[in-house]
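Written below as C-alpha cells is the structure these notes are about.
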Amino acid sequence: MERISSDSGWSVSRPTSKTATVHAIWGEDDARTREVAEKVSIPNVASSPEEAVADASIVFVVSRHGGMHLDLARVAINARKPVFVDKPFTVTPDDAREFVTLAEGAGVPMVSFSTLRYGSDTVDFKRRMSEIGPVRYASYTGPAMRQNHYGGLIFYSIHTVELMLHLHGIDVNSIYAIEHPAGVEKSNITATCSYNDGTLITLALIGDGAYHFHKRAIGSEGVIDSSDDERDLSGNAASFGTAVGEAASKPSTSMSRGMAADHYPNGVREAVQVLRGERTSDISPEQMIRVIQVCNAIEESLNTGRAINPSEL
C-alpha cells in the first residue's frame, strides 16, 4: 500500500465481504484531489462532502489539519455512516469531547488512531514488554515540528504520544516539556510524563534530526528496544517532509535499508473491520480524547514552564 500525501478531506468506500474499494473522494483543493484520484484510480471526485458521503458505506476523514476533522465528520455522522478519523483526531480537547458525544449520540461507529500501533514491530514490542517485568521507565522517539501550518506540534507528535498511551495506558498525571532551541523553526522537544503507577516516560520529539521512530522500555527484569530501525519508513519520511514544506525529510540510514513497514495495511484492515462491526476496537473514546489532552499538555507546558496534568485540559 502506498500512502498518498494529500490535503483532501474525504475518501469513502463500499466494502464487499472481504475487501473495501475507495468509491469517491472530496477535498478543498480540487486540482490536488483530482491528482490523487487519478494516481490511485478513485473513480469519483465529489463536488461536496455530502455528495461523497451519499453512496458510501464507510467514510475516512483524512485531512491533514485536525482542526477540520469535526466539521467534516459531522456530515458522515449526520448521515449515519461509520467514520474513521485520521490522526490527529482533533486539535483541541473540547473538540475531541464533542466528537465522541456526537458519534455516541447518533449511534454511529467511529474510531481514530495512528496506524503505527498496528505495525508488526509495535505488536512485537508490546509482547516483549510483558516479558521484562513491570516497566518502570520507557522512552519513545519520533519526528515532530512545533512550527507548521497543520495545527502545530500535535500534527506529527501524535504518533509518538499514541504509542505511549497504547503501550502504557492513559493514566498520565503530569507532563513537563522543554524545547531547545526555543522558538526556532526547527527544534527538539522532550516531554517527561509521570504515570499514576510510578512509571516515568520520556518522549523525544525531533524536529531537527533524521526521521526516526524508536522505543525502549526498562522493566524490573530486563530491557528491550524496538526493531523500528529495521523498517523502511522512507515513504513516511517523504510525506512528512512534504507536509512541513521541505523538499524531503531523510529517514535514518538503517531504516532506509530495512524491511518493509506494514502499519498502513494493518491499520486500514483494523479500521474497516471495526467500522463494519466485525470486531470491537481496542481504542476507547477516553483514549482518543486523552491523546489530544497529552499533546495539548506538552504545548501548554512549553508555554508556561510548568508541569501540566493532561486530564485537567
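None of these values were measured; they are calculated from a predicted model. The first residue of the sequence shown is numbered 1, and numbering continues consecutively from there. Computed over heavy atoms, backbone and side chain alike; hydrogens, waters and symmetry mates excluded.
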Of all heavy-atom pairs between [X] and [Y], which one has the smallest distance, and what is that distance?
{"X": "W26", "Y": "P49", "result": "CE2-CD, 3.7 Å"}
{"X": "D94", "Y": "R97", "result": "OD1-NH2, 2.7 Å"}
{"X": "G151", "Y": "I154", "result": "O-CG2, 3.6 Å"}

Ignoring hydrogens and angles, tell me if any N or O in the side chain of [X] forms a donor-acceptor pair with the backbone of [Y] under 3.5 Å.
{"X": "K186", "Y": "M145", "result": "no"}
{"X": "S130", "Y": "R127", "result": "yes"}
{"X": "R128", "Y": "D225", "result": "yes"}
{"X": "R290", "Y": "I170", "result": "yes"}
{"X": "Q147", "Y": "G183", "result": "yes"}

Do any side-chain atoms of residues 110-117 form donor-acceptor pairs under 3.5 angstrom with protein atoms, and if so which ones, sequence neighbours left out?
residue	atom	partner	partner atom	Å
S112	OG	V85	O	2.7
S114	OG	L116	N	3.3
S114	OG	H159	ND1	2.7
R117	NH1	H166	ND1	3.4
R117	NH1	Q287	OE1	3.1
R117	NH2	E162	OE1	3.1
R117	NH2	Q287	OE1	2.9

Non-hydrogen side-chain atoms of [X] and [Y] separated by less than 4.5 Å:
{"X": "F84", "Y": "V59", "value": "no"}
{"X": "I292", "Y": "V91", "value": "no"}
{"X": "K87", "Y": "H69", "value": "no"}

Query raised in the report: Which other residues end up in the same hydrophobic cluster as I218, if Ile, Leu, Val, Met, Phe, Trp and Tyr are linked when side-chain heavy atoms come under 4.5 Å apart?
Result: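 Via sub-4.5 Å side-chain contacts, I218 links to Y137, L200, V223.
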Query raised in the report: For Y176, what are the other residues in its hydrophobic cluster, where any two members join if their side-chain heavy atoms are less than 4.5 angstrom apart?
Result: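 ILVMFWY cluster around Y176 also holds I178.
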Requested in this report: Quick one: do V61 and D86 satisfy side chain to side chain contact (heavy atoms under 4.5 Å, CB included)? Show the steps, please.
Outcome: CA-CA 6 Å; V61 176; D86 195 16; over 6 Å; no
Query raised in the report: Hey, mind stepping through R64 and F155 against side chain to side chain contact (heavy atoms under 4.5 Å, CB included) and telling me if it holds?
Result: CA-CA 8 Å; R64 286 191 184 279; F155 167 63; 3.7 Å; yes
List, one per line, each side-chain donor-acceptor pair under 3.5 Å for residues 306-313, sequence neighbours excluded.
residue	atom	partner	partner atom	Å
N309	OD1	S311	N	3.1
N309	OD1	S311	OG	2.7

Query - Centroid-centroid distance, Y140 to H168, less than 6.0 Å - result: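 So the answer is yes for these two rings.
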Report task. Starting from the C-alpha separation in whole Å, work towards a yes-or-no answer on side chain to side chain contact (heavy atoms under 4.5 Å, CB included) for C295 and L153. Result -> CA-CA 8 Å; C295 290; L153 185 63; over 6 Å; no
Query - For R80, salt bridge (Lys or Arg N to Asp or Glu O under 4.0 Å) partners two or more places apart - result: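 Not a single residue meets the salt bridge (Lys or Arg N to Asp or Glu O under 4.0 Å) criterion with R80.
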Query - Derivation of the side chain to side chain contact (heavy atoms under 4.5 Å, CB included) call for I158 and V291 - result: CA-CA 7 Å; I158 194 83; V291 69; 3.6 Å; yes
Query - Flag if over 12 foreign heavy atoms under 6.0 Å of CD, E131 - result: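 More than 12 heavy atoms, drawn from other residues, nucleotides or ligands, come within 6.0 Å of this atom.
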**Report entry** R74/E98 under salt bridge (charged side-chain N to carboxylate O under 4.0 Å, His left out): CA gap, chis, key distance, verdict
**Finding:** CA-CA 11 Å; R74 197 186 304 274; E98 182 179 349; 3.3 Å; yes
Requested in this report: Could you check whether the rings of H212 and H214 sit parallel, tilted or perpendicular, using 30° and 60° as the cut-offs?
Outcome: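 Correct class here is parallel.
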**Report entry** Whether Y150 and H65 hold their rings parallel, tilted or perpendicular, with breakpoints at 30° and 60°
**Finding:**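 Taking H65 first and then Y150, their aromatic rings stand perpendicular (interplane angle over 60°).
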Query - Sequence neighbours excluded - salt bridge (Lys or Arg N to Asp or Glu O under 4.0 Å) pairs with any residue from residues 141-150 - result: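 Pairs touching residues 141-150 that pass the test: R146-E179, R146-E299.
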